[in-house]
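Below is one structure, written out as structure tokens; comments come after it.
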2 protein chains.
Amino acid sequence: MKTKRQASDSCHYCQAPQQCFGAEIALDDKNPLVQETVLLKKGEILYHQQEKIQGIYLLKSGAIKTYWLNEQGRQTMGSFYLPGELLGFSSVSSHTYVENAQALRDTEVCRIAMPLLLNRVSKEPAYQTLLVNLMSASLARVEKARYAYIDTSATQKVAIFLVDYSQRLSKSLIDAASVNLLPTQQDMASYLGLTAETVSRTMTQFQRQGLVQFSQAKQMLKLDYAKLQTLMVNACSER
Amino acid sequence: MKTKRQASDSCHYCQAPQQCFGAEIALDDKNPLVQETVLLKKGEILYHQQEKIQGIYLLKSGAIKTYWLNEQGRQTMGSFYLPGELLGFSSVSSHTYVENAQALRDTEVCRIAMPLLLNRVSKEPAYQTLLVNLMSASLARVEKARYAYIDTSATQKVAIFLVDYSQRLSKSLIDAASVNLLPTQQDMASYLGLTAETVSRTMTQFQRQGLVQFSQAKQMLKLDYAKLQTLMVNACSER
DNA sequence: CGACTGGTTGATCTCCATCAATCCCTGTGG
DNA sequence: CCACAGGGATTGATGGAGATCAACCAGTCG
């Protein structure tokens with residue numbers, strides 16, 4: 001099951017408070033913004049859709065995927081979240097989570113309750129701007145993803161995903177040497193609207209062309225950004 | 001060119017202030033939240049990508065599409081916006097518009113500058129919650145659109161779009177009798193990641209099956225929601 | 001009246017889904 | 001320690017949904 005820890009401890013001993021959401025806000029020993037940290041083992045669920053919202057989450061380590069189950073039980077992939085990224089904004093207005101969140105590997109998240117956040121933010125205009133900007137950036141990111149993936153070939157989709165994902169990884173605090181970096185090809189396929197077979201074929205093709213290199217444990221090692229970015233834009237002209 | 005009108009007039013004589021964003025906030029004759037209204041003729045641009053942000057916009061009448069031009073000049077469709085809907089949140093964090101906004105027909109929008117909005121909102125916690133909820137709802141809407149359209153057939157895509165669009169139309173203040181309701185099939189195709197030919201074929205098929213009826217001027221008249229919604233979920237089982 | 005934009009319809013081709021078999025790796029239990 | 005099971009990845013063969021190319025029509029605007 002999920003393991004929980006009091007925030008006061010957690011924030012106090014946090015390895016990377018400067019990366020925290022509004023560190024200035026969060027780092028107040030008397031009134032910690034983060035109410036608790038949650039430790040998830042690979043595969044565990046952080047929250048289910050339609051559950052009452054408990055707050056938004058900041059990823060401290062690991063990786064989370066969100067997905068949505070329709071009435072027929074069919075699963076649709078939402079997004080992937082990496083350390084330093086915020087999760088759950090889209091559920092705030094409905095007061096219930098609109099999707100499921102599952103740990104892709106052992107993961108640590110910090111929970112921030114919205115009432116507490118809003119209360120804190122209302123006292124300081126600068127923090128209000130910070131919150132609005134964070135939400136705006138989330139929106140821009142989702143819209144940009146839509147732009148990027150619509151009307152593209154399978155090759156382009158995989159290339160775009162690899163570049164975006166690895167750039168986000170490099171921005172994050174993740175210890176690249178010790179973790180299995182990529183989601184499963186099945187999850188990638190689901191996210192991109194492809195099949196696992198197509199993703200597999202594309203990945204092996206990329207390896208043969210030297211665009212991507214992996215370690216034996218399927219960890220992503222190196223990308224040829226220049227060539228991949230050429231692939232991303234040159235739609236059908238590429239043969 | 002764009003025609004502008006002082007807000008004090010506009011808000012004062014607005015036909016539908018109760019539909020306005022935070023009407024309680026907006027309707028203050030001394031300090032109007034809406035700084036001006038802009039009248040756009042069909043085809044006119046409300047803003048270009050990379051322009052300095054002037055605020056967010058509330059649609060009063062008409063319709064807007066957003067699109068994005070990449071470095072090669074290829075155009076990718078963003079979204080459609082209908083009366084009562086808010087436009088521009090995703091640009092707030094970057095201080096420049098991240099996309100282009102163009103009027104699909106004669107359109108009237110109200111401009112709300114962010115600094116003014118934030119200032120007003122900071123004085124009243126309830127308004128702060130309202131703003132956060134509006135942004136959260138925008139995010140949820142974009143994510144839901146992603147869920148809805150990924151991994152679906154052309155038939156499903158068009159069905160989903162028609163149902164969603166007409167439901168949003170019915171929520172809006174639009175005068176259904178006097179306007180051409182649908183975007184062009186080219187824009188629909190671009191939004192859905194299809195070609196115009198495929199959309200055309202699907203639409204005529206829907207008409208033959210009696211799922212959709214049009215007037216002679218291509219205005220959408222009537223949808224068979226029940227049957228369309230069956231189409232939306234029954235992926236490949238439908239023949 | 002042309003010119004142009006948007007819509008319709010048909011023929012062909014291609015990319016990717018589908019189905020199937022096999023392999024590899026990890027974890028589990030006798 | 002080995003056998004086995006199960007999930008993920010790989011590779012091949014086949015078929016189909018939708019893109020592409022092309023021709024044509026209808027309404028609209030200068």
Side-chain angles (χ1 to χ4, degrees), chain A residues 41-43 65 74-75 77 102 104-106 149-159 161-162 179-208 212 214-220 231 234-239, chain B residues 41-44 63 65 74-75 77 102 104-106 149-162 180-208 212 214-220 231 234-239:
Chain A
K41 290 237 166 273
K42 177 178 175 179
K65 77 166 178 182
R74 241 173 57 85
Q75 174 173 332
M77 176 66 55
Q102 183 179 28
L104 292 175
R105 50 185 136 268
D106 292 0
Y149 289 118
I150 210 161
D151 202 28
T152 53
S153 69
T155 307
Q156 287 176 289
K157 285 197 175 90
V158 176
F161 179 83
L162 288 178
V179 291
N180 188 346
L181 296 173
L182 281 178
T184 67
Q185 293 189 0
Q186 323 241 356
D187 281 341
M188 280 181 54
S190 174
Y191 178 72
L192 297 172
L194 303 171
T195 59
E197 293 94 324
T198 301
V199 170
S200 174
R201 279 182 246 269
T202 309
M203 295 288 275
T204 57
Q205 184 195 343
F206 282 174
Q207 286 183 69
R208 291 213 187 93
V212 189
F214 294 95
S215 72
Q216 57 278 59
K218 298 288 170 196
Q219 294 170 12
M220 186 162 50
L231 268 190
N234 291 20
C236 316
S237 52
E238 272 288 337
R239 168 76 326 127
Chain B
K41 290 235 168 275
K42 179 179 175 178
E44 282 184 338
K65 77 166 178 183
R74 242 174 56 86
Q75 175 173 332
M77 176 67 55
Q102 183 179 27
L104 292 176
R105 48 185 138 269
D106 292 0
Y149 289 119
I150 209 161
D151 203 27
T152 53
S153 68
T155 308
Q156 289 177 288
K157 285 197 175 90
V158 176
I160 294 168
F161 179 82
L162 288 178
N180 187 346
L181 296 173
L182 281 178
T184 67
Q185 293 189 1
Q186 324 242 354
D187 281 341
M188 279 180 56
S190 175
Y191 177 72
L192 297 172
L194 303 171
T195 58
E197 293 94 325
T198 301
V199 170
S200 174
R201 279 183 245 268
T202 308
M203 295 288 276
T204 56
Q205 186 195 342
F206 282 175
Q207 287 183 68
R208 292 212 187 94
V212 190
F214 294 94
S215 71
Q216 56 278 59
K218 298 285 170 196
Q219 294 170 12
M220 186 163 50
L231 267 189
N234 292 19
C236 317
S237 52
E238 272 288 335
R239 168 76 325 125

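Reckoned from all heavy atoms, side chains included, excluding hydrogens, waters and symmetry mates. Order of the sequence lines sets the chain letters (A, B, ...), proteins ahead of strands, with each chain counted from 1.
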If I take atom [atom1] from residue [X] and atom [atom2] from residue [Y], how far apart are they, to the nearest 0.5 angstrom?
{"X": "B/Gln102", "Y": "B/Lys42", "atom1": "CD", "atom2": "NZ", "result": "10.0 Å"}
{"X": "A/Asp151", "Y": "A/Lys157", "atom1": "CG", "atom2": "NZ", "result": "8.5 Å"}
{"X": "B/Leu104", "Y": "B/Glu44", "atom1": "CG", "atom2": "CD", "result": "12.5 Å"}

Five pairs at each end of the helix from C/dC1-D/dG30 to C/dG30-D/dC1: take the axis at both ends and give me the angle between them to 10°.
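Axis-to-axis angle, ends of the helix: 40°.
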
Length of the line joining [X]:[atom1] and [N]:[atom2], which is rounded to integer Å:
{"X": "B/Gln207", "N": "C/dT8", "atom1": "CD", "atom2": "P", "answer": "7 Å"}
{"X": "B/Met188", "N": "D/dG18", "atom1": "CE", "atom2": "P", "answer": "14 Å"}
{"X": "A/Phe206", "N": "D/dT10", "atom1": "CZ", "atom2": "C1'", "answer": "17 Å"}
{"X": "A/Gln185", "N": "C/dC24", "atom1": "CD", "atom2": "C1'", "answer": "13 Å"}
{"X": "B/Gln205", "N": "D/dG18", "atom1": "CD", "atom2": "C1'", "answer": "13 Å"}
{"X": "B/Asp151", "N": "D/dG18", "atom1": "CG", "atom2": "C1'", "answer": "15 Å"}
{"X": "A/Met203", "N": "D/dT10", "atom1": "CE", "atom2": "C1'", "answer": "13 Å"}
{"X": "B/Asp187", "N": "C/dG7", "atom1": "CG", "atom2": "C1'", "answer": "14 Å"}

For [X], all residues meeting side chain to side chain donor-acceptor pair (under 3.5 Å), sequence neighbours excluded:
{"X": "B/Ser190", "result": "none"}
{"X": "A/Ser200", "result": "none"}
{"X": "A/Thr152", "result": "none"}

Of all pairs that satisfy salt bridge (charged side-chain N to carboxylate O under 4.0 Å, His left out), the ones with a partner from residues 186-200 of chain A, not counting sequence neighbours:
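Every salt bridge (charged side-chain N to carboxylate O under 4.0 Å, His left out) pair that includes a residue of residues 186-200 of chain A, provided the two are not neighbours, is A/Lys65-A/Asp187.
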
Tabulate protein N/O versus nucleotide N/O from nucleotides 21-23 of chain D, keeping only pairs under 3.5 Å, one per line.
{"residue": "D/dC21", "atom": "N4", "partner": "B/Glu197", "partner atom": "OE2", "Å": "3.1"}

For C/dG7, does either OP1 or OP2 sit under 4.0 Å from a side-chain N or O belonging to B/Ser200?
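So the side-chain polar atoms of B/Ser200 never come under 4.0 Å of the phosphate oxygens OP1 or OP2 of C/dG7.
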
Answer yes or no: does a side-chain N or O of B/Thr195 lie under 4.0 Å from OP1 or OP2 of D/dG18?
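Looking at the OP1 and OP2 atoms of D/dG18, neither is under 4.0 Å from any side-chain N or O of B/Thr195.
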
Side-chain contact test, heavy atoms from C-beta onward, threshold under 4.5 Å: evaluate it for B/Leu182 versus B/Met203 and give yes or no.
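Of all side-chain heavy-atom pairs linking B/Met203 with B/Leu182, at least one is under 4.5 Å.
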
For A/Phe206, what residues pass the ring pair (Phe, Tyr, Trp, His ring centres under 6.0 Å) criterion, not counting sequence neighbours?
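A/Phe206 satisfies ring pair (Phe, Tyr, Trp, His ring centres under 6.0 Å) with no residue once adjacent residues are dropped.
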
Under 4.0 Å, counting only non-hydrogen atoms across every strand here, what does B/Gly43 touch: a base, just sugar-phosphate, or nothing?
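Result for B/Gly43 = nothing.
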
DNA chain C: 5'-proximal contact among B/Gln186 and B/Thr204 (nearest heavy atom)
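That would be B/Gln186.
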
